[in-house]
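First comes the structure, then the notes that go with it.
The analysis underlying the following values was restricted to heavy atoms, covering all of them including side chains, and did not include hydrogens, waters or symmetry mates.
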Amino acid sequence: QAHLVESGGGLVQAGQSLSVTCTVSGTFFKINDMAWYRHAPERERELVASITSGGSANYAHSLEGRFTISRDNAKNTISLQMNNLKPEDTAVYYCNAEIIVNRWDTHNLIYWGQGTHVTVSS
């Protein structure tokens with residue numbers, strides 16, 4: 001089984017930058033796509049960015065250019081660099097991973113982290 005832990009959230013002022021990281025631990029065969037989601041109060045959870053095991057990234061259209069997702073397969077981590085943060089970026093940021101637990105499995109299992117809070121003050 002796998003376990004995802006996010007880190008790096010905090011309180012920043014508008015215009016500042018922040019990076020959050022997700023580390024996958026446990027026993028599994030392979031990590032496929034990973035992603036960052038966020039959930040703000042009174043809003044639906046939304047996809048922020050995703051990245052394949054080969055490093056191809058996709059972003060929410062409204063965030064492209066300010067946010068950058070990266071991945072280190074050797075360390076089983078993904079990171080999200082967030083620049084020029086705005087108060088509307090305030091949310092709990094969650095890591096998501098599609099994981100093949102056993103080499104003989106034919107489908108991914110979806111894992112989520114507990115989330116890390118990002119608060120941007122105006």
Side-chain angles (χ1 to χ4, degrees):
Q1 298 296 313
H3 185 57
L4 277 60
V5 176
E6 301 96 336
S7 61
L11 172 64
V12 297
Q13 293 185 334
Q16 292 185 328
S17 298
L18 192 66
S19 180
V20 291
T21 296
C22 172
T23 301
V24 184
S25 62
T27 304
F28 47 85
F29 176 65
K30 182 182 179 183
I31 305 171
N32 286 321
D33 292 1
M34 297 187 70
W36 286 101
Y37 286 77
R38 68 183 184 183
H39 192 186
E42 301 182 357
R43 297 182 65 178
E44 292 188 357
R45 183 179 62 190
E46 64 173 335
L47 175 65
V48 174
S50 64
I51 188 166
T52 68
S53 58
S56 295
N58 284 290
Y59 298 90
H61 181 69
S62 62
L63 301 177
E64 197 163 9
R66 291 195 300 123
F67 288 17
T68 302
I69 190 171
S70 61
R71 180 167 178 163
D72 186 333
N73 289 329
K75 297 180 180 179
N76 291 334
T77 62
I78 60 169
S79 295
L80 184 69
Q81 175 67 38
M82 302 177 284
N83 297 327
N84 190 23
L85 282 162
K86 304 175 181 181
E88 53 263 41
D89 294 318
T90 296
V92 179
Y93 285 71
Y94 294 93
C95 177
N96 165 287
E98 299 179 359
I99 295 176
I100 298 177
V101 175
N102 302 296
R103 61 178 179 83
W104 56 84
D105 286 340
T106 59
H107 59 277
N108 295 310
L109 292 182
I110 308 300
Y111 289 85
W112 291 90
Q114 293 297 308
T116 186
H117 289 260
V118 173
T119 303
V120 185
S121 63
S122 57

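Contact detail for His39 and Arg45: the closest heavy-atom pair is CD2-N, 3.8 Å. Closest approach of Val101 to Tyr111, counting heavy atoms only: CG2-OH, 3.5 Å. The minimum heavy-atom distance linking Leu80 with Ala49 is given by the pair CD1-CB, 4.5 Å.
Within 6.0 Å of the CD atom in Gln114, the count of heavy atoms belonging to other residues, nucleotides or ligands does not exceed 12.
No side-chain heavy atom of Phe29 sits less than 4.5 Å from a side-chain heavy atom of Asn102. Here the side chains of Val24 and Met34 are in contact, with some heavy-atom distance below 4.5 Å. Residues Ile31 and Arg71 are in side-chain contact: their nearest non-hydrogen atoms beyond the backbone lie under 4.5 Å apart. The closest side-chain heavy-atom distance from Arg66 to Asp89 is below 4.5 Å. No side-chain heavy atom of Tyr94 sits under 4.5 Å from any side-chain heavy atom of Val20.
In the hydrophobic clustering of ILVMFWY residues, with side-chain heavy atoms under 4.5 Å counting as a link, Ile69 and Val48 come out together. Note on Val118 and Leu63: same hydrophobic cluster, where clusters join Ile, Leu, Val, Met, Phe, Trp and Tyr whose side-chain heavy atoms are under 4.5 Å apart, directly or indirectly.
Side-chain N or O atoms of Glu6 include one that pairs as donor or acceptor with a backbone N or O of Cys95 at under 3.5 Å. Under the 3.5 Å distance criterion, the side-chain polar atoms of Thr90 are matched with a main-chain donor or acceptor of Val120.
In this structure, CG in Asp72 is found 11.5 Å from CD1 in Ile78, a value given to the nearest 0.5 Å. Here the CZ-CD distance, from Phe28 to Gln1, works out to 11.0 Å after rounding to the nearest 0.5 Å. Between the CG atom in Asp105 and the CD1 atom in Ile99 there is a gap of 11.5 Å [rounded to 0.5 Å]. Within the model, atoms NE2 of His117 and OH of Tyr93 stand 12.0 Å from one another, a figure rounded to the nearest 0.5 Å. If you take CG on Leu85 and OG on Ser17, they are separated by 6.5 Å, rounding to the nearest 0.5 Å. From Ile110, atom CD1 reaches atom CG of Asn96 across 6.0 Å, with rounding to the nearest 0.5 Å.
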Could you walk me through whether Leu4 and Cys22 pass the side-chain contact (heavy atoms from CB on, under 4.5 Å) test, one step at a time?
CA-CA 7 Å; Leu4 277 60; Cys22 172; 4.0 Å; yes
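Thr21 and Ser79 are linked by a side-chain donor-acceptor pair at a separation below 3.5 angstrom, with hydrogens and angles left out of the test. At a cut-off of 3.5 Å, with distance as the only test, no side-chain donor of Ser53 or Asn32 sits close to an acceptor on the other residue.
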